[in-house]
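Some notes on the structure that comes next.
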Amino acid sequence: MKFKSITGTRDILPEEQPYWRFIEKKLYDITTLYNYMRVDPPIFEETGLFLRGVGETTDIVEKEMYTFQDKGGNSLTLRPEFTAGIMRLYIENGFHTRPKPVKLFSVGPIFRYERPQAGRFRQHTQFNVEALGELDPLVDVEVMSIAWQLYKELGFSGIEFQLNSTGCPQCRPAYISKLTDYYRDHFDEICKDCQRRLDQNPLRLLDCKVETCQPFIENAPIIGEHLCEECQKHFTALKTYLDILQRPYKINHKLVRGLDYYTKTVFEVWARGIGSQSAMCGGGRYDGLVEQLGGPPTPGIGFGSGIERIILSMKEQNITPEPLPAPKVYIVHNGLEARHLALNIVFDLREEKIAAILGFGDRSFKSQLRDANRQDADFAVLIGEDEVKNNILTVKNLRTGEQKSVAGNELVTFF
RNA sequence: GUGGGUGUAGCUCAGUUGGUUAGAGCACCAGAUUGUGGCUCUGGAGGUCACGGGUUCAAUUCCCGCCACUCACCCCA
């Protein structure tokens, strides 16, 4: 029987690891700079948490969750996003007693049962940031700036936010009824998907890609013109702060997000090279979510960024991460006594924190040296009969071809 | 869930207008005066031509099914 990786999952091979290390290092550095604390909720939670947190009518809940029953008969779900789990963590651990805002980040796998395609997988990895307990739009800018600085330091140019406000429970219902009234007048002219959206997810009407629907989108009522005073004020302040910091953004009236919990600010960062997907990062404010999950009223804002999409986009823009360090020394040996000596040497070097590889098997000098070259070692230490007899080692610089004799007890200090 | 494309060596791909030993490049292993890599040359190993069925004297090639991969829609990081 031959086993294969599951549809929509992939192996991260050594060749791709430099990207991961590079990105991980950057996001640890940046979250430290901004004073965000790492939390790691479990990968699975009670199914009900996501039903309530993400929204029962969202696509994620309706058709994309990896839900299963454990042996105790509980319905569990592999997390399809981070936020709900973080909210649970916040409530369960009494984080509302900590100084506000509570600033958190997480990194880890996310699972959604979708048809895989370019830039989309059933298991992907997200970098997730949340700031809880503060309504001030200054927090919105700070959270957005984490994404901004990350992408900048990774080497991206031309980063720009797509920005919108989707209102709040005060003003959104009125807007939605305006929008649906407008669309009902054109019901026979819009595409099938839009006819369905009209009932199930009206905001998404604005996101339709079908050619014939575009004119209706252009003429649809704009949410920005229907915000309540508080949302309007928040949005204006946010834009001012973004201007001050010179973070490029584009107001996108059509930007809506698929999860139910968003209020006020929503934003995305778009990238090329990720197939027909556009967002490398998506997030927004969710001021009612903690309360909805049984916690105290707590505003919050956050985003998720897909690491796989970042990597795809880096490749598309020819951004190369710094390479992982190559091994320094390769120990080539021939003969039983040489083998015993080599064994000691390789571990001595490693104890001194010098990266060393030992040739294995009964292979010729030639074969071992070829291996040393292939593994990109800087030096080869050659140990054969002569070296054993005289307790002198031959050290060859594999970059220059230069060769030197070094006394056995001086080897460690040689490097 | 829906639609298009593709499945031949570890990887990237040729190829067979149906014919019995299925090819290349890269990678791998070994050798080119016996203890010296990278370049070059020579040789070697490696494939149930995704899987199942059908047509045929004969199928990797044609037909059907199935699975997988892939791209796109829905939706999303």
Side-chain angles (χ1 to χ4, degrees), chain A residues 2-10 13 15 54-55 57-65 79-83 107-129 147 191-194 196-197 200-201 203-204 207-210 255-259 268-271 274-283 302-313 330 332-335 338 359 361 363-388 394-403:
Chain A
K2 206 170 175 183
F3 294 105
K4 295 179 75 256
S5 63
I6 302 301
T7 298
T9 67
R10 25 177 251 131
L13 303 182
E15 290 70 27
V54 179
T57 61
T58 56
D59 268 37
I60 288 182
V61 166
E62 279 184 353
K63 49 184 219 194
E64 295 179 358
M65 295 209 302
R79 64 181 175 214
E81 58 121 42
F82 259 116
T83 304
V107 197
I110 295 293
F111 304 87
R112 285 180 207 165
Y113 189 85
E114 307 181 86
R115 283 295 280 267
Q117 67 188 71
R120 171 186 295 161
F121 315 96
R122 286 188 177 172
Q123 176 181 334
H124 76 277
T125 312
Q126 271 188 30
F127 167 50
N128 190 262
V129 170
C191 72
K192 248 200 162 121
D193 281 328
C194 277
R196 184 177 52 75
R197 287 183 184 112
Q200 298 187 341
N201 201 346
L203 282 178
R204 293 224 71 86
D207 210 26
C208 184
K209 289 173 193 160
V210 174
L255 180 68
V256 293
R257 315 216 66 249
L259 284 50
E268 293 186 352
V269 175
W270 291 352
I274 52 181
S276 73
Q277 331 305 323
S278 51
M280 180 160 72
C281 161
F303 70 83
S305 184
I307 309 279
E308 286 82 357
R309 286 190 183 174
I310 294 176
I311 292 173
L312 282 169
S313 193
Y330 192 109
V332 176
H333 59 90
N334 191 264
R363 306 215 281 169
S364 64
F365 267 50
K366 182 203 266 290
S367 165
Q368 291 179 66
L369 274 160
R370 195 165 38 218
D371 196 34
N373 189 60
R374 232 179 351 207
Q375 310 231 29
D376 207 22
D378 292 324
F379 295 92
V381 173
L382 290 86
I383 311 172
E385 280 175 35
D386 296 347
E387 283 81 0
V388 169
T394 303
V395 177
K396 178 164 187 168
N397 183 323
L398 292 172
R399 310 283 174 218
T400 62
E402 194 184 352
Q403 213 159 287

Regarding [X], tell me which of base, sugar-phosphate or nothing describes its non-hydrogen contacts under 4.0 Å with the strands shown.
| X | answer |
| --- | --- |
| A/Phe121 | base |
| A/Glu114 | base |
| A/Gln277 | base |
| A/Gly401 | base |
| A/Ala372 | nothing |
| A/Thr58 | nothing |

Rounded distance (nearest 0.5 Å) linking atom CD of A/Gln123 with atom CZ of A/Arg10: 10.0 Å
Rounded distance (nearest 0.5 Å) linking atom CD of A/Glu114 with atom CZ of A/Phe121: 11.0 Å
Using atom names, set out every protein N or O paired with an N or O of nucleotides 3-5 of chain B below 3.5 Å, distance rounded to 0.1 Å.
none

Results of salt bridge (Lys or Arg N to Asp or Glu O under 4.0 Å) for A/Arg115 - residues two or more places apart only: none
Residues in salt bridge (Lys or Arg N to Asp or Glu O under 4.0 Å) contact with A/Asp378, at least two apart in sequence or another chain: A/Arg399
Any A/Arg197 side-chain N or O less than 4.0 Å from OP1/OP2 of B/rC75: yes
Any A/Lys209 side-chain nitrogen or oxygen under 4.0 Å from OP1 or OP2 of B/rC75: no
Protein-nucleotide distance ([X], atom [atom1]; [N], atom [atom2]), rounded to Å:
| X | N | atom1 | atom2 | answer |
| --- | --- | --- | --- | --- |
| A/Leu312 | B/rC71 | CG | C1' | 14 Å |
| A/Asn373 | B/rA27 | CG | C1' | 15 Å |
| A/Phe127 | B/rA77 | CZ | P | 15 Å |
| A/Glu64 | B/rC75 | CD | C1' | 6 Å |
| A/Leu259 | B/rC74 | CG | P | 17 Å |
| A/Ile274 | B/rA72 | CD1 | C1' | 15 Å |
| A/Gln117 | B/rA68 | CD | C1' | 17 Å |
| A/Arg257 | B/rA77 | CZ | C1' | 8 Å |

Residues forming a ring-ring contact (aromatic ring centres under 6.0 Å, His included) with A/Phe379, sequence neighbours excluded: A/Phe415
Sequence-distant partners of A/Phe127, ring-ring contact (aromatic ring centres under 6.0 Å, His included), two or more places apart: A/Phe303
With rounding to whole Å, what would you report as the distance between [N] and [M] at their [atom1] atoms?
| N | M | atom1 | result |
| --- | --- | --- | --- |
| B/rC66 | B/rG4 | P | 13 Å |
| B/rG65 | B/rG46 | P | 37 Å |
| B/rC51 | B/rU8 | P | 10 Å |
| B/rU48 | B/rA59 | C1' | 14 Å |
| B/rG15 | B/rA30 | C1' | 30 Å |
| B/rU61 | B/rU20 | C1' | 14 Å |
| B/rG31 | B/rG37 | P | 11 Å |
| B/rU17 | B/rC62 | C1' | 12 Å |

Does [X] have any side chain to side chain donor-acceptor pair (under 3.5 Å) partners at least two apart in sequence or in another chain, and if so, which?
| X | result |
| --- | --- |
| A/Lys63 | A/Asp59 |
| A/Arg370 | none |
| A/Ser276 | A/Gln117 |
| A/Ser313 | none |

Base-contact (B) and sugar-phosphate-only (S) positions in nucleotides 28-36 of chain B, heavy-atom cut-off under 4.0 Å, - elsewhere: SSS-B--BB
Given RNA chain B, 5'-ward residue of the pair A/Glu268 and A/Arg196, judged by closest heavy atom: A/Arg196
Most 5' of A/Asp193 and A/Ile307 on RNA chain B, judged by nearest nucleotide: A/Asp193
Side chain to side chain contact (heavy atoms under 4.5 Å, CB included) assessment of A/Leu398 paired with A/Leu369: CA-CA 9 Å; A/Leu398 292 172; A/Leu369 274 160; 4.1 Å; yes
Note: A/Arg197-A/Asp207 ion pair, threshold 4.0 Å (strictly below): no
Polar side-chain contact A/Lys63-B/rC74 base: donor and acceptor under 3.5 Å: yes
Side-chain donor-acceptor pair present, A/Thr394, A/Glu387, cut-off under 3.5 Å: yes
A/Thr57 side chain to A/Glu62 side chain, donor-acceptor N/O pair below 3.5 angstrom: no
For RNA chain B, stems built from three or more consecutive Watson-Crick or G-U wobble pairs below 3.5 Å: B:1-7 with B:67-73, B:10-13 with B:23-26, B:28-32 with B:40-44, B:51-54 with B:62-65
pair A/Arg122-A/Ile6: side-chain heavy atoms closer than 4.5 Å: no
Interface polar pairs with nucleotides 41-45 of chain B, N/O, under 3.5 angstrom:
none

Least distance between heavy atoms, A/Asn334 atom then A/Arg363 atom: ND2-O, 4.0 Å
